[in-house]
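A short write-up of the structure that comes next.
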Amino acid sequence: MFTSQRDSLVKKAKPHLEPGEEPAVSILGKVEIERLGSKGVRSGVFIATDRRVVFFSKKMIGYDMEEFPFSNISSIESSKGIMGHSISFHASGNKVKMKWINDGDIQKFIQHVRAHIGKKGGSSAPAAPDIAEQIKKLSELKDKGILSEAEFTTKKTELLAKM
């Protein structure tokens, strides 16, 4: 039952990931949430990709999703008790905790996150052609008179700064 629920949540989360981003490791558990002053527990998955950790939870209508880029994660902690495993990590001054983890490869998840802590997600190689393609399109717009020389230069400078 757990694995099918975990797999189902990962499948539902995939359309919300960035282009080219694939789940590497996922774990299913409960996350404590606080809404409108009341505390609750929500089942969901932590999905580790090459870029970040994503928490995804399906609601009756809609979903909850929160992302934690590896560059913002400073540490990860794990423990095991009678109710199962717990994992918590610190990301940009925020402590995130999942408890009652009973499904997924917990050690592989921890190793994956530790290997990526502090790193910017994704590789820079695919970004270069994308940026070059965007500059080419901007140039075509400038040649057609849709963009002014100043607008073209501004956008080109912004794109090159992302490389």
Flag the pair Glu22 / Lys14 as yes when at least one side-chain heavy-atom distance between them is below 4.5 Å, and no otherwise. yes
For a 4.5 angstrom cut-off between non-hydrogen side-chain atoms, does Pro23 reach Leu17? yes
Go through the steps to decide whether Leu9 and Ile47 satisfy the test side chain to side chain contact (heavy atoms under 4.5 Å, CB included), and finish with yes or no. CA-CA 10 Å; Leu9 285 171; Ile47 303 167; over 6 Å; no
More than 12 heavy atoms of other groups within 6.0 Å of Lys58 NZ: yes
Is it the case that over 12 heavy atoms from other parts of the model lie below 6.0 angstrom from the NZ atom of Lys156? no
Distance-only, no hydrogens or angles: does the [X] side chain make a donor-acceptor pair with backbone N or O of [Y] under 3.5 Å?
X      : Y      : answer
Thr153 : Glu149 : yes
Lys119 : Ala115 : yes
Ser57  : Ser43  : yes
His112 : Thr49  : yes

Between [X] and [Y], is there shared hydrophobic-cluster membership here, with clusters defined by ILVMFWY side-chain heavy atoms closer than 4.5 Å?
X      : Y      : result
Ile135 : Ile146 : yes
Ile101 : Val96  : yes
Met98  : Val41  : no

State whether Arg52 and Glu21 are salt-bridged, where the test is any N-O pair (Lys NZ or Arg NE/NH1/NH2 against Asp/Glu carboxylate O) under 4.0 Å. yes
salt_bridge(Lys155, Glu158) N-O dist < 4.0 Å: yes
Which one of Lys99, Lys97, Glu77 satisfies the side-chain hydrogen bond (donor to acceptor under 3.5 Å, both in side chains) criterion with Ser88? Glu77
For the residue pair Phe109 and Phe46, does the interplanar ring angle fall in the parallel (under 30°), tilted (30 to 60°) or perpendicular (over 60°) class? parallel
Name the orientation class of the two ring planes belonging to His16 and Tyr63 (parallel below 30°, tilted from 30 to 60°, perpendicular beyond 60°). tilted
Looking at every non-hydrogen atom in both residues, tell me the closest pair between Ala48 and Val113 and how far apart they are. CB-CG2, 4.5 Å
